[in-house]
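Counting starts at 1 for both ligands and their atoms, in listed order. Being a predicted model, the structure only gives us computed values, none of them experimental.
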Amino acid sequence: MTQAEIIIVGGGISGTAAAYHLAGQGRRVTLLERGDLASMASGWTLAGVRQSGRHPAELPLAKAAIDRWTNLAVELDADLEYRQDGNLRLALTPEQTGTIEQIVSEGNAAGIPMEYLPDNAAVRAVAPALADTIVAASFCPSDGHANPHKTVAAFAAAAKRHGADLRTGVEVTALLTDGDKVQGVRTTGGDLFADTVILAAGVYTPRLLASLGIDFPLTISLVPVVQTVPMPPALAQVLGIATGGFAGRQEVSGRFRLTGTTIPWGEHGQHTAENVQPPANLVVDTIQQASALAPDLATARIGRVWGGLIDKTPDALPVIERLPEFNGLIVAAGFSGHGFCLGPITGQLLADLATGQEPSLPIESFQLRRFAAQSVTEALTLHG
Ligand SMILES: Cc1cc2nc3c(=O)[nH]c(=O)nc-3n(C[C@H](O)[C@H](O)[C@H](O)COP(=O)(O)OP(=O)(O)OC[C@H]3O[C@@H](n4cnc5c(N)ncnc54)[C@H](O)[C@@H]3O)c2cc1C
(Lines give C-alpha, C1' and ligand atoms only; values in the text may rest on other atoms or scores of the structure.)
Protein backbone atom coordinates (compact mmCIF):
# COMPACT_ATOMS: atom_id res chain seq x y z
CA MET A 1 0.00 0.00 0.00
CA THR A 2 1.37 3.41 -0.97
CA GLN A 3 0.41 6.43 1.11
CA ALA A 4 0.62 10.13 0.27
CA GLU A 5 -0.74 13.08 2.20
CA ILE A 6 -2.27 14.80 -0.83
CA ILE A 7 -2.74 13.37 -4.34
CA ILE A 8 -3.11 15.69 -7.32
CA VAL A 9 -4.57 14.27 -10.54
CA GLY A 10 -3.36 16.22 -13.57
CA GLY A 11 -0.05 17.75 -14.59
CA GLY A 12 -1.27 20.92 -16.32
CA ILE A 13 -0.76 24.41 -14.92
CA SER A 14 -3.46 23.93 -12.24
CA GLY A 15 -2.03 20.67 -10.90
CA THR A 16 1.64 21.64 -11.01
CA ALA A 17 0.94 25.04 -9.43
CA ALA A 18 -0.99 23.29 -6.64
CA ALA A 19 1.90 20.85 -6.16
CA TYR A 20 4.32 23.77 -5.91
CA HIS A 21 2.24 25.60 -3.30
CA LEU A 22 1.55 22.52 -1.21
CA ALA A 23 5.09 21.15 -1.29
CA GLY A 24 6.32 24.65 -0.42
CA GLN A 25 4.22 24.41 2.74
CA GLY A 26 5.91 21.14 3.62
CA ARG A 27 3.03 18.87 2.52
CA ARG A 28 3.76 15.40 1.11
CA VAL A 29 2.32 15.69 -2.38
CA THR A 30 2.11 13.14 -5.16
CA LEU A 31 1.04 14.38 -8.60
CA LEU A 32 -0.17 11.84 -11.16
CA GLU A 33 -0.26 12.66 -14.86
CA ARG A 34 -1.45 10.19 -17.50
CA GLY A 35 0.74 11.62 -20.28
CA ASP A 36 3.49 14.19 -20.04
CA LEU A 37 3.29 17.44 -18.09
CA ALA A 38 1.37 20.08 -20.10
CA SER A 39 0.24 17.46 -22.61
CA MET A 40 -3.33 18.77 -22.76
CA ALA A 41 -4.86 22.28 -22.44
CA SER A 42 -1.80 23.73 -20.71
CA GLY A 43 0.33 22.80 -23.71
CA TRP A 44 -2.27 23.31 -26.46
CA THR A 45 -3.11 26.80 -25.18
CA LEU A 46 -2.58 30.22 -26.73
CA ALA A 47 -1.29 31.21 -23.26
CA GLY A 48 -2.69 34.70 -23.15
CA VAL A 49 -2.44 36.17 -19.65
CA ARG A 50 -5.47 38.40 -19.54
CA GLN A 51 -7.70 40.13 -17.06
CA SER A 52 -9.64 42.23 -19.62
CA GLY A 53 -12.99 40.85 -20.75
CA ARG A 54 -13.34 38.58 -17.70
CA HIS A 55 -16.58 37.83 -15.89
CA PRO A 56 -16.82 39.94 -12.69
CA ALA A 57 -16.65 36.78 -10.57
CA GLU A 58 -13.31 35.86 -12.12
CA LEU A 59 -11.78 39.33 -11.98
CA PRO A 60 -10.37 39.17 -8.43
CA LEU A 61 -8.61 35.93 -9.38
CA ALA A 62 -7.35 37.34 -12.69
CA LYS A 63 -6.06 40.52 -11.03
CA ALA A 64 -4.29 38.52 -8.35
CA ALA A 65 -2.90 36.26 -11.07
CA ILE A 66 -1.41 39.22 -12.97
CA ASP A 67 0.26 40.35 -9.74
CA ARG A 68 1.79 36.88 -9.44
CA TRP A 69 2.79 36.73 -13.12
CA THR A 70 4.79 39.96 -12.92
CA ASN A 71 7.16 38.32 -10.43
CA LEU A 72 6.65 34.65 -11.24
CA ALA A 73 9.93 34.14 -13.12
CA VAL A 74 11.83 35.28 -10.03
CA GLU A 75 9.59 33.25 -7.71
CA LEU A 76 10.09 30.05 -9.75
CA ASP A 77 13.65 30.88 -10.78
CA ALA A 78 12.95 30.20 -14.46
CA ASP A 79 12.43 32.11 -17.71
CA LEU A 80 8.70 31.87 -18.50
CA GLU A 81 8.87 34.20 -21.54
CA TYR A 82 6.23 36.30 -19.83
CA ARG A 83 5.64 39.59 -21.60
CA GLN A 84 3.23 42.25 -20.38
CA ASP A 85 2.66 44.14 -23.63
CA GLY A 86 -1.12 44.27 -23.62
CA ASN A 87 -4.20 42.76 -25.20
CA LEU A 88 -6.09 44.21 -28.15
CA ARG A 89 -9.66 43.07 -28.71
CA LEU A 90 -10.72 44.10 -32.19
CA ALA A 91 -14.02 45.28 -33.65
CA LEU A 92 -14.11 44.16 -37.27
CA THR A 93 -17.44 45.84 -38.08
CA PRO A 94 -19.15 49.01 -36.80
CA GLU A 95 -21.78 46.76 -35.17
CA GLN A 96 -19.10 45.18 -32.95
CA THR A 97 -17.90 48.47 -31.46
CA GLY A 98 -20.60 48.34 -28.76
CA THR A 99 -19.21 45.05 -27.42
CA ILE A 100 -15.70 46.49 -27.35
CA GLU A 101 -16.77 49.74 -25.66
CA GLN A 102 -18.59 47.69 -23.02
CA ILE A 103 -15.45 45.61 -22.31
CA VAL A 104 -13.51 48.87 -21.81
CA SER A 105 -16.08 50.48 -19.52
CA GLU A 106 -16.49 47.29 -17.46
CA GLY A 107 -12.72 46.94 -17.18
CA ASN A 108 -12.22 50.52 -16.08
CA ALA A 109 -15.10 50.24 -13.61
CA ALA A 110 -13.40 47.17 -12.15
CA GLY A 111 -10.15 49.10 -11.72
CA ILE A 112 -8.31 47.70 -14.75
CA PRO A 113 -6.86 50.59 -16.77
CA MET A 114 -8.12 50.08 -20.34
CA GLU A 115 -8.39 52.30 -23.37
CA TYR A 116 -10.92 52.41 -26.20
CA LEU A 117 -9.17 52.89 -29.54
CA PRO A 118 -12.00 54.45 -31.58
CA ASP A 119 -10.65 54.17 -35.13
CA ASN A 120 -8.14 52.40 -37.35
CA ALA A 121 -5.42 55.03 -36.90
CA ALA A 122 -5.59 54.64 -33.13
CA VAL A 123 -5.42 50.84 -33.42
CA ARG A 124 -2.46 50.92 -35.80
CA ALA A 125 -0.64 53.45 -33.66
CA VAL A 126 -0.50 50.68 -31.04
CA ALA A 127 0.00 47.75 -33.45
CA PRO A 128 1.26 48.91 -36.86
CA ALA A 129 1.17 45.37 -38.32
CA LEU A 130 -2.62 45.29 -38.20
CA ALA A 131 -4.86 45.79 -41.24
CA ASP A 132 -6.44 49.09 -42.28
CA THR A 133 -9.87 47.44 -42.13
CA ILE A 134 -10.02 47.15 -38.35
CA VAL A 135 -12.68 49.47 -37.03
CA ALA A 136 -11.80 49.89 -33.34
CA ALA A 137 -10.29 48.00 -30.40
CA SER A 138 -9.97 47.78 -26.67
CA PHE A 139 -6.46 47.97 -25.29
CA CYS A 140 -5.51 46.58 -21.91
CA PRO A 141 -1.77 47.33 -21.40
CA SER A 142 -1.43 45.12 -18.29
CA ASP A 143 -2.40 41.92 -20.14
CA GLY A 144 0.20 39.75 -21.81
CA HIS A 145 1.32 36.22 -22.60
CA ALA A 146 3.81 33.55 -21.57
CA ASN A 147 5.35 30.30 -22.73
CA PRO A 148 3.00 27.57 -21.45
CA HIS A 149 5.45 24.63 -21.55
CA LYS A 150 8.15 26.63 -19.78
CA THR A 151 5.63 27.77 -17.16
CA VAL A 152 4.37 24.28 -16.34
CA ALA A 153 7.94 22.92 -16.33
CA ALA A 154 8.93 25.73 -13.95
CA PHE A 155 6.08 24.99 -11.52
CA ALA A 156 6.94 21.28 -11.68
CA ALA A 157 10.65 21.89 -11.08
CA ALA A 158 9.93 24.21 -8.15
CA ALA A 159 7.49 21.66 -6.69
CA LYS A 160 10.17 18.96 -6.97
CA ARG A 161 12.72 21.20 -5.28
CA HIS A 162 10.27 21.38 -2.35
CA GLY A 163 10.02 17.57 -2.31
CA ALA A 164 6.89 16.86 -4.38
CA ASP A 165 6.69 13.48 -6.11
CA LEU A 166 5.61 14.04 -9.74
CA ARG A 167 4.81 10.92 -11.74
CA THR A 168 4.05 11.00 -15.47
CA GLY A 169 2.64 8.14 -17.53
CA VAL A 170 0.33 7.15 -14.65
CA GLU A 171 -3.41 7.29 -15.32
CA VAL A 172 -5.96 7.52 -12.54
CA THR A 173 -8.75 5.10 -13.44
CA ALA A 174 -11.01 5.58 -10.41
CA LEU A 175 -11.36 7.46 -7.15
CA LEU A 176 -11.34 5.31 -4.02
CA THR A 177 -13.83 6.18 -1.30
CA ASP A 178 -15.06 4.79 2.00
CA GLY A 179 -18.58 6.03 2.65
CA ASP A 180 -18.45 9.80 2.20
CA LYS A 181 -14.69 9.98 2.57
CA VAL A 182 -12.00 9.94 -0.13
CA GLN A 183 -9.38 7.25 0.39
CA GLY A 184 -7.15 7.66 -2.64
CA VAL A 185 -7.00 6.69 -6.28
CA ARG A 186 -6.75 3.56 -8.43
CA THR A 187 -4.11 4.00 -11.12
CA THR A 188 -2.55 2.07 -13.95
CA GLY A 189 0.39 1.66 -11.56
CA GLY A 190 -1.63 0.40 -8.57
CA ASP A 191 -3.62 1.97 -5.75
CA LEU A 192 -2.38 5.07 -3.97
CA PHE A 193 -3.93 6.23 -0.71
CA ALA A 194 -4.37 9.75 0.68
CA ASP A 195 -6.90 11.68 2.74
CA THR A 196 -7.08 14.46 0.16
CA VAL A 197 -7.38 14.16 -3.61
CA ILE A 198 -7.28 17.20 -5.90
CA LEU A 199 -8.81 16.68 -9.33
CA ALA A 200 -7.23 19.03 -11.88
CA ALA A 201 -7.76 16.71 -14.82
CA GLY A 202 -9.15 19.19 -17.36
CA VAL A 203 -11.71 17.73 -19.77
CA TYR A 204 -11.42 14.32 -18.10
CA THR A 205 -12.53 15.57 -14.68
CA PRO A 206 -16.24 14.73 -15.25
CA ARG A 207 -15.57 11.08 -16.03
CA LEU A 208 -13.68 10.60 -12.76
CA LEU A 209 -16.48 12.30 -10.82
CA ALA A 210 -19.19 10.35 -12.66
CA SER A 211 -18.06 7.11 -11.03
CA LEU A 212 -18.98 8.74 -7.69
CA GLY A 213 -22.39 9.79 -9.02
CA ILE A 214 -21.37 13.45 -9.31
CA ASP A 215 -22.50 15.26 -12.44
CA PHE A 216 -20.10 17.90 -13.80
CA PRO A 217 -21.68 19.45 -16.92
CA LEU A 218 -19.01 20.22 -19.50
CA THR A 219 -19.29 20.92 -23.19
CA ILE A 220 -16.06 20.02 -24.90
CA SER A 221 -15.01 21.76 -28.08
CA LEU A 222 -12.07 21.46 -30.42
CA VAL A 223 -10.03 24.58 -31.24
CA PRO A 224 -7.64 24.71 -34.19
CA VAL A 225 -4.18 26.11 -33.41
CA VAL A 226 -1.77 27.19 -36.14
CA GLN A 227 1.84 28.07 -35.39
CA THR A 228 4.14 29.74 -37.92
CA VAL A 229 7.90 29.39 -38.14
CA PRO A 230 9.86 32.20 -36.41
CA MET A 231 9.24 35.60 -38.01
CA PRO A 232 10.74 39.05 -37.37
CA PRO A 233 9.14 40.86 -34.42
CA ALA A 234 5.88 42.43 -35.61
CA LEU A 235 3.27 42.16 -32.85
CA ALA A 236 3.74 42.65 -29.12
CA GLN A 237 0.10 42.41 -28.01
CA VAL A 238 -2.24 39.43 -27.80
CA LEU A 239 -5.08 39.78 -30.29
CA GLY A 240 -8.68 38.77 -29.80
CA ILE A 241 -11.87 39.66 -31.63
CA ALA A 242 -15.27 40.80 -30.41
CA THR A 243 -16.99 37.52 -31.32
CA GLY A 244 -14.35 35.36 -29.62
CA GLY A 245 -13.76 33.26 -32.76
CA PHE A 246 -10.08 34.09 -33.21
CA ALA A 247 -7.06 34.95 -31.08
CA GLY A 248 -3.36 35.21 -31.79
CA ARG A 249 0.00 36.41 -30.59
CA GLN A 250 3.64 36.39 -31.55
CA GLU A 251 5.73 34.29 -29.21
CA VAL A 252 9.12 35.38 -27.89
CA SER A 253 10.53 32.79 -30.33
CA GLY A 254 9.07 34.85 -33.21
CA ARG A 255 6.47 32.20 -34.04
CA PHE A 256 2.87 33.34 -34.35
CA ARG A 257 0.41 31.16 -32.43
CA LEU A 258 -3.13 31.51 -33.78
CA THR A 259 -6.41 29.98 -32.61
CA GLY A 260 -9.62 29.86 -34.62
CA THR A 261 -13.27 28.97 -34.47
CA THR A 262 -14.23 26.03 -32.25
CA ILE A 263 -16.36 23.03 -33.21
CA PRO A 264 -18.09 20.55 -30.90
CA TRP A 265 -15.89 17.63 -29.85
CA GLY A 266 -19.02 15.47 -30.04
CA GLU A 267 -18.89 11.76 -29.42
CA HIS A 268 -15.13 11.28 -29.88
CA GLY A 269 -14.59 10.43 -26.20
CA GLN A 270 -10.93 9.81 -25.45
CA HIS A 271 -8.62 11.96 -27.54
CA THR A 272 -5.74 10.50 -29.50
CA ALA A 273 -2.83 12.12 -31.34
CA GLU A 274 -4.85 11.75 -34.56
CA ASN A 275 -8.47 12.53 -33.71
CA VAL A 276 -7.56 15.73 -31.84
CA GLN A 277 -5.97 17.22 -34.95
CA PRO A 278 -8.13 20.01 -36.44
CA PRO A 279 -10.00 19.53 -39.73
CA ALA A 280 -8.51 21.25 -42.78
CA ASN A 281 -11.34 23.75 -43.19
CA LEU A 282 -10.79 25.09 -39.65
CA VAL A 283 -7.07 25.45 -40.28
CA VAL A 284 -7.75 27.36 -43.51
CA ASP A 285 -10.30 29.56 -41.75
CA THR A 286 -7.84 30.35 -38.94
CA ILE A 287 -5.15 31.38 -41.43
CA GLN A 288 -7.64 33.47 -43.40
CA GLN A 289 -8.84 35.23 -40.26
CA ALA A 290 -5.24 35.90 -39.22
CA SER A 291 -4.28 37.24 -42.67
CA ALA A 292 -7.29 39.56 -42.70
CA LEU A 293 -6.13 41.04 -39.37
CA ALA A 294 -2.39 41.12 -40.04
CA PRO A 295 -1.76 41.00 -43.82
CA ASP A 296 1.87 39.81 -43.51
CA LEU A 297 0.59 36.52 -42.12
CA ALA A 298 -0.89 35.59 -45.54
CA THR A 299 2.57 34.49 -46.71
CA ALA A 300 3.85 33.17 -43.37
CA ARG A 301 5.34 29.68 -43.41
CA ILE A 302 3.39 27.30 -41.24
CA GLY A 303 5.44 25.37 -38.71
CA ARG A 304 2.89 23.25 -36.91
CA VAL A 305 -0.84 22.71 -36.58
CA TRP A 306 -2.61 21.13 -33.62
CA GLY A 307 -6.00 20.93 -31.98
CA GLY A 308 -6.87 21.72 -28.38
CA LEU A 309 -9.87 20.69 -26.31
CA ILE A 310 -11.70 23.31 -24.27
CA ASP A 311 -13.69 22.43 -21.16
CA LYS A 312 -16.64 24.82 -21.20
CA THR A 313 -19.11 24.95 -18.34
CA PRO A 314 -22.64 26.35 -18.87
CA ASP A 315 -21.65 29.81 -17.54
CA ALA A 316 -18.03 29.67 -18.78
CA LEU A 317 -16.72 29.90 -15.20
CA PRO A 318 -14.67 27.17 -13.53
CA VAL A 319 -15.38 24.94 -10.57
CA ILE A 320 -12.86 25.47 -7.77
CA GLU A 321 -14.20 23.79 -4.71
CA ARG A 322 -13.89 21.28 -1.89
CA LEU A 323 -16.89 19.16 -2.90
CA PRO A 324 -19.42 18.74 -0.07
CA GLU A 325 -20.38 15.19 -1.16
CA PHE A 326 -17.04 13.58 -0.26
CA ASN A 327 -14.71 14.60 2.52
CA GLY A 328 -11.26 15.30 1.08
CA LEU A 329 -12.28 15.71 -2.58
CA ILE A 330 -11.23 18.98 -4.24
CA VAL A 331 -11.84 20.00 -7.85
CA ALA A 332 -10.44 22.64 -10.20
CA ALA A 333 -11.75 22.27 -13.75
CA GLY A 334 -14.03 23.81 -16.35
CA PHE A 335 -11.85 26.85 -16.98
CA SER A 336 -13.71 27.32 -20.29
CA GLY A 337 -10.75 28.41 -22.38
CA HIS A 338 -9.21 30.95 -19.98
CA GLY A 339 -7.57 29.04 -17.14
CA PHE A 340 -3.94 29.46 -18.14
CA CYS A 341 -3.72 33.02 -16.83
CA LEU A 342 -5.35 31.94 -13.57
CA GLY A 343 -2.94 29.01 -13.04
CA PRO A 344 -0.72 30.58 -10.34
CA ILE A 345 -3.82 31.59 -8.36
CA THR A 346 -5.61 28.30 -8.96
CA GLY A 347 -2.61 26.57 -7.43
CA GLN A 348 -2.70 28.88 -4.43
CA LEU A 349 -6.45 28.36 -3.93
CA LEU A 350 -6.15 24.58 -4.24
CA ALA A 351 -3.45 24.63 -1.58
CA ASP A 352 -5.75 26.71 0.67
CA LEU A 353 -8.58 24.21 0.18
CA ALA A 354 -6.38 21.15 0.69
CA THR A 355 -4.92 22.48 3.94
CA GLY A 356 -8.26 23.63 5.34
CA GLN A 357 -7.38 27.32 5.20
CA GLU A 358 -9.82 30.07 4.32
CA PRO A 359 -9.45 30.62 0.54
CA SER A 360 -7.28 33.67 -0.06
CA LEU A 361 -9.74 34.98 -2.71
CA PRO A 362 -13.56 34.75 -3.11
CA ILE A 363 -14.55 31.44 -4.74
CA GLU A 364 -18.24 31.13 -3.80
CA SER A 365 -19.17 31.64 -7.48
CA PHE A 366 -17.23 28.53 -8.45
CA GLN A 367 -19.25 25.88 -6.64
CA LEU A 368 -20.41 22.92 -8.72
CA ARG A 369 -23.92 23.00 -7.29
CA ARG A 370 -24.73 26.25 -9.13
CA PHE A 371 -25.38 24.17 -12.25
CA ALA A 372 -28.25 22.39 -10.53
CA ALA A 373 -30.15 25.71 -10.60
CA GLN A 374 -32.16 26.41 -13.75
CA SER A 375 -30.99 30.01 -13.99
CA VAL A 376 -27.46 29.45 -15.29
CA THR A 377 -27.17 31.37 -18.55
CA GLU A 378 -24.95 30.57 -21.52
CA ALA A 379 -21.91 32.87 -21.65
CA LEU A 380 -19.73 34.04 -24.51
CA THR A 381 -16.23 32.56 -24.30
CA LEU A 382 -13.43 34.98 -25.15
CA HIS A 383 -10.01 33.54 -25.89
CA GLY A 384 -6.59 35.15 -25.80
C1 LIG B 1 -6.42 26.22 -27.88
C2 LIG B 1 -6.55 26.79 -26.51
C3 LIG B 1 -6.32 28.15 -26.28
C4 LIG B 1 -6.39 28.67 -24.99
N5 LIG B 1 -6.07 29.98 -24.79
C6 LIG B 1 -6.01 30.46 -23.52
C7 LIG B 1 -5.53 31.78 -23.28
O8 LIG B 1 -5.14 32.51 -24.18
N9 LIG B 1 -5.48 32.20 -21.98
C10 LIG B 1 -5.89 31.42 -20.94
O11 LIG B 1 -5.83 31.88 -19.79
N12 LIG B 1 -6.33 30.15 -21.15
C13 LIG B 1 -6.39 29.66 -22.41
N14 LIG B 1 -6.82 28.39 -22.64
C15 LIG B 1 -7.29 27.57 -21.51
C16 LIG B 1 -6.14 27.08 -20.66
O17 LIG B 1 -5.10 26.59 -21.47
C18 LIG B 1 -6.68 26.02 -19.72
O19 LIG B 1 -7.81 26.53 -19.01
C20 LIG B 1 -5.64 25.59 -18.70
O21 LIG B 1 -4.44 25.23 -19.35
C22 LIG B 1 -6.19 24.43 -17.87
O23 LIG B 1 -5.14 23.89 -17.12
P24 LIG B 1 -5.42 22.61 -16.23
O25 LIG B 1 -4.14 22.28 -15.56
O26 LIG B 1 -6.60 22.87 -15.37
O27 LIG B 1 -5.88 21.49 -17.26
P28 LIG B 1 -4.98 20.70 -18.33
O29 LIG B 1 -3.84 21.50 -18.81
O30 LIG B 1 -5.90 20.11 -19.33
O31 LIG B 1 -4.36 19.54 -17.44
C32 LIG B 1 -5.09 18.42 -17.06
C33 LIG B 1 -4.10 17.27 -17.04
O34 LIG B 1 -4.73 16.14 -16.42
C35 LIG B 1 -4.26 15.00 -17.07
N36 LIG B 1 -5.23 13.94 -16.83
C37 LIG B 1 -6.52 13.89 -17.26
N38 LIG B 1 -7.12 12.76 -16.82
C39 LIG B 1 -6.20 12.10 -16.07
C40 LIG B 1 -6.22 10.88 -15.37
N41 LIG B 1 -7.33 10.12 -15.33
N42 LIG B 1 -5.11 10.48 -14.74
C43 LIG B 1 -3.97 11.24 -14.75
N44 LIG B 1 -3.90 12.43 -15.42
C45 LIG B 1 -5.00 12.85 -16.08
C46 LIG B 1 -4.17 15.41 -18.53
O47 LIG B 1 -3.31 14.56 -19.26
C48 LIG B 1 -3.69 16.83 -18.43
O49 LIG B 1 -2.28 16.96 -18.56
C50 LIG B 1 -6.77 27.83 -23.92
C51 LIG B 1 -7.01 26.48 -24.13
C52 LIG B 1 -6.90 25.95 -25.41
C53 LIG B 1 -7.14 24.47 -25.62
For this session: Using distance alone, determine whether G35 and ligand 1 share an N or O pair under 3.5 Å.
Result: no
Exercise. Is T219 close to S336 at the side-chain level, that is, under 4.5 Å between some pair of heavy atoms?
Worked result: no
Seminar exercise, completed: Check: of S14, G248, P318, min heavy-atom distance to atom 25 (O) of ligand 1 comes from S14
Exercise. For L208, is at least one N or O under 3.5 Å away from an N or O on ligand 1?
Worked result: no
Exercise. How close do L218 and P206 get, heavy atom to heavy atom, and via which atoms?
Worked result: CD1-CG, 3.5 Å
Problem set entry | Sub-3.5 Å N/O-N/O distance, E171 and ligand 1 | no
For this session: Heavy-atom distances under 4.0 Å are what count here, so tell me which part of A47 touches ligand 1: side chain, backbone, both or neither.
Result: backbone
For this session: Examine the side chains of Q25 and R27 and answer whether a donor and an acceptor come within less than 3.5 Å of each other.
Result: no
Seminar exercise, completed: Counting from 1 in the order shown, the ligand 1 atoms closer than 4.0 Å to a non-hydrogen atom of F335 are 19 (O), 26 (O)
For this session: Report the C-alpha separation of L31 and T16 in whole Å, then their side-chain angles, then the decisive distance to 0.1 Å, and conclude whether the side chain to side chain contact (heavy atoms under 4.5 Å, CB included) test is met.
Result: CA-CA 8 Å; L31 181 147; T16 53; 4.2 Å; yes
For this session: Kindly say whether A174 contributes a backbone atom to a donor-acceptor pair with the side chain of R186 at under 3.5 angstrom?
Result: no
For this session: Return a yes/no value for S42: is any of its N or O atoms, backbone included, closer than 3.5 angstrom to an N or O of ligand 1?
Result: yes
Exercise. Is a side-chain donor-acceptor pair under 3.5 Å present for Q348 with D352?
Worked result: no
For this session: Go through the steps to decide whether L323 and L209 satisfy the test side chain to side chain contact (heavy atoms under 4.5 Å, CB included), and finish with yes or no.
Result: CA-CA 10 Å; L323 292 184; L209 289 174; 3.9 Å; yes
For this session: Evaluate side chain to side chain contact (heavy atoms under 4.5 Å, CB included) for W265 paired with D311, printing each intermediate quantity in order.
Result: CA-CA 10 Å; W265 176 240; D311 51 347; over 6 Å; no
Exercise. For E171 and Y204, does a side-chain donor sit closer than 3.5 Å to a side-chain acceptor?
Worked result: no
Problem set entry | H338 neighbourhood, listing ligand 1 atoms whose heavy-atom distance to it stays under 4.0 Å | 10 (C), 11 (O), 12 (N), 13 (C), 15 (C)
Exercise. Which of the numbered atoms in ligand 1 are below 4.0 angstrom from a heavy atom of I310?
Worked result: 52 (C), 53 (C)
Exercise. So is there a nitrogen or oxygen of C341 less than 3.5 Å from a nitrogen or oxygen in ligand 1?
Worked result: yes
Problem set entry | N or O contact, E33 vs ligand 1, cut-off under 3.5 Å | yes
Seminar exercise, completed: Of P224, G48, A62, G202, the one whose closest heavy atom lies nearest atom 7 (C) of ligand 1 is G48
Exercise. Looking at V29, I7, T30, which one forms a side chain to side chain contact (heavy atoms under 4.5 Å, CB included) with D165?
Worked result: T30
Exercise. Is ligand 1 less than 4.0 angstrom away from at least one heavy atom of V170?
Worked result: yes
For this session: Ignoring hydrogens, just give me the one of G339, A174, G10, A38 whose non-hydrogen atom is nearest atom 34 (O) of ligand 1.
Result: G10
Exercise. Are any of the N/O atoms in V9 less than 3.5 Å from those in ligand 1?
Worked result: no
Exercise. Between Q51 and S142, do the side chains contain an N or O donor and an N or O acceptor separated by less than 3.5 Å?
Worked result: yes
Problem set entry | F340: numbered ligand 1 atoms lying under 4.0 Å from its heavy atoms | 10 (C), 11 (O), 12 (N), 16 (C), 17 (O), 18 (C), 19 (O), 20 (C)
Exercise. For the residue pair W44 and F340, is the inter-centroid distance of their aromatic rings smaller than 6.0 Å?
Worked result: no
Exercise. Can an N or O of A41 be found at a distance shorter than 3.5 Å from an N or O of ligand 1?
Worked result: yes
For this session: Check the side chains of R50 and H338 for a donor-acceptor pair under 3.5 angstrom, ignoring hydrogens and angles.
Result: no
Problem set entry | contact_flag T187 ligand 1 heavy-atom lt 4.0 Å | no
Exercise. Out of V49, T45, I8, whose heavy atom sits nearest atom 4 (C) of ligand 1?
Worked result: T45
For this session: Mark up the atoms of ligand 1 that fall under 4.0 Å of a heavy atom belonging to I13, in ascending order.
Result: 23 (O), 25 (O)
For this session: Using only heavy-atom distances, determine whether the side chains of Q250 and R83 contain a donor-acceptor pair under 3.5 Å.
Result: no
Seminar exercise, completed: The atoms of ligand 1 lying under 4.0 Å from a heavy atom of L32, numbered in the order shown, are 43 (C), 44 (N)
Exercise. What do we get for V238 next to ligand 1 when only non-hydrogen atoms under 4.0 Å count, side chain, backbone, both or neither?
Worked result: neither
Problem set entry | Polar contact flag for L342 and ligand 1 (N/O pairs, less than 3.5 Å) | no
